[in-house]
Amino acid sequence: MIRVILPAPLLALARIDGELALPIDAPVTQRRVLDAVEARYPMLRGTMRDHATQRRRPFIRFHACERDLSNELPDTPLPDAVASGGEPFLIVGAMSGG
Amino acid sequence: MSRVRVLVGTKKGAFILTSDGARKRWEVSQPHFPGWELYHLKGSPLNPDRIYASQSSGWFGQLIQRSDDGGVTWNPVGNEFAYAGVTGTHQWYDGTPHPWEFKRIWHLEPSLTEADTVYAGAEDAAMFRSTDGGTSWHELAGLRGCGSGEQWAPGAGGMGLHTILLHPTDPQRIFVAISAAGAFRTDDGGTTWKPINRGLSSKYIPDPTAEVGHCVHRIALHPSRPDTLFMQKHWDVMRSDDAGENWHEISGNLPTDFGFPIDVHAHEPETIYVVPIKSDGEHYPLEGKLRVYRSRTGGHEWEALTKGLPQQDCYVNVLRDAMAVDTLDDCGVYFGTTGGQVYASTNGGDSWEAIVRDLPAVLSVEVQTLP
């Protein structure tokens, strides 16, 4: 199972309490993780990536294993620790504001 | 006994205020969608317990929420707003072409005749329609394609389609207004559109009387006289008596003809309300006095309504969608401010009271009169 942590506003929107655990076939990529999240929680479609372009929303970031993976290509395999379920894939609302 | 439900969209959530027909005591809901911008909420006239809300965020984009129990519970519906066909360009602030990009929904307007139909006004300006209760959305692309779309340009707040007026007896006729393009009308249910801006004059565009390019802030009509339209634009209050074919100025003795909202009394089609503010640079009331101005003659002669409103040190604004009327007798008039107050008058504007204070900045106010 792949572990996914969503930002609080999306947890509230999807009425989720805590971390997600999603079955995702190898290779585990950013695209497959997002596809799985959206398939399980359709109300999150469009909130993390643009409907038309499928590009990450500008203020959404992807972190894992203490690395910023936001600008990795969507089909690049995620770190082994994420693929094995040892580390979560973090979807983060970028820090902004004053 | 009648009840009143006031739907308030703010910068940080939605609030629902309820009262009985006396409108003396108000219950204020806990925030719905806390932390999100709620540009607009509106209930269906066919089923007042069906309410649509436009929820957006700089981080997470646009969501449409729907309640079928009067705002107690909500569920997200469809949020895919794809422009039809080749997207094309409109003007950017610097006059260069800029691709059309969806940013948010400014206004939701449920149909007067079809229970599952609802219209949405988008930024960048476009009109969308859903016929399945908001689950899926389709652009009425004839509006952008009406021949002038490439010339439209954003106003300071963006290029939003902010006003949708449905004709009360002719479902084929719809009026819309766009910042900063102007007003438009369809007579065939949204297939084809035409600009209706003759008579408008705007000194800030190269040709002040151009067919498009006018920054219309809001238009309003009374259902008993739908060919008469009232308009608050970026300078000037205007009136049309021929469904927008021709406009003339009715600013009369207003202390300033700049403002955002305009609305019509529920029972008196010649009684209209505006909230003048100092200028296009200083978006607050003149002299720090919050005054609604009322004309009972359809324009030209205006009276200041001040009773119950702050008359010193008040520097809030009232945005375009932040005024509404109920249909009780006497007519209730409501408006919200960027300072977080919602004021109500239960006597057509003669006196006012804050029915809630200290909300986040108010973006929109709509009123439902319930049996």
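Letters A, B, ... are given to chains in the order of the sequence lines, protein chains preceding strands, and every chain is numbered from 1.
More than 12 non-hydrogen atoms from other residues, nucleotides or ligands lie less than 6.0 angstrom from CD of A:Glu19. Remark: B:Tyr315 OH is packed, more than 12 non-hydrogen atoms of other residues, nucleotides or ligands lying under 6.0 Å away. No more than 12 heavy atoms of other residues, nucleotides or ligands lie within 6.0 Å of CG in A:Asp80, so this atom counts as exposed by the packing criterion. Open room surrounds CG on A:Asp25; 12 or fewer heavy atoms of other groups in view lie less than 6.0 Å from it. Crowding of B:Asp69 atom CG: a count of heavy atoms from other residues, nucleotides or ligands under 6.0 Å exceeding 12.
No part of A:Arg49 comes within reach of chain B, as not one of its non-hydrogen atoms sits under 4.5 angstrom from that chain. Contacts between A:Met48 and chain B at a heavy-atom distance below 4.5 Å are absent for every atom of the residue. Both the backbone and the side chain of A:Pro9 come within contact range of chain B, judged by heavy atoms closer than 4.5 Å.
The two atoms that bring A:Arg57 and B:Gln62 nearest to each other are NH2-N, 4.5 Å, heavy atoms only.
Under the 4.5 Å side-chain criterion, counting only non-hydrogen atoms from C-beta, B:Trp59 is not in contact with A:Pro7.
Within residues 73-110 of chain B, the residues that have a heavy atom under 4.5 Å from a heavy atom of chain A are B:Trp74, B:Asn75, B:Pro76, B:Asn79, B:Glu80, listed by number.
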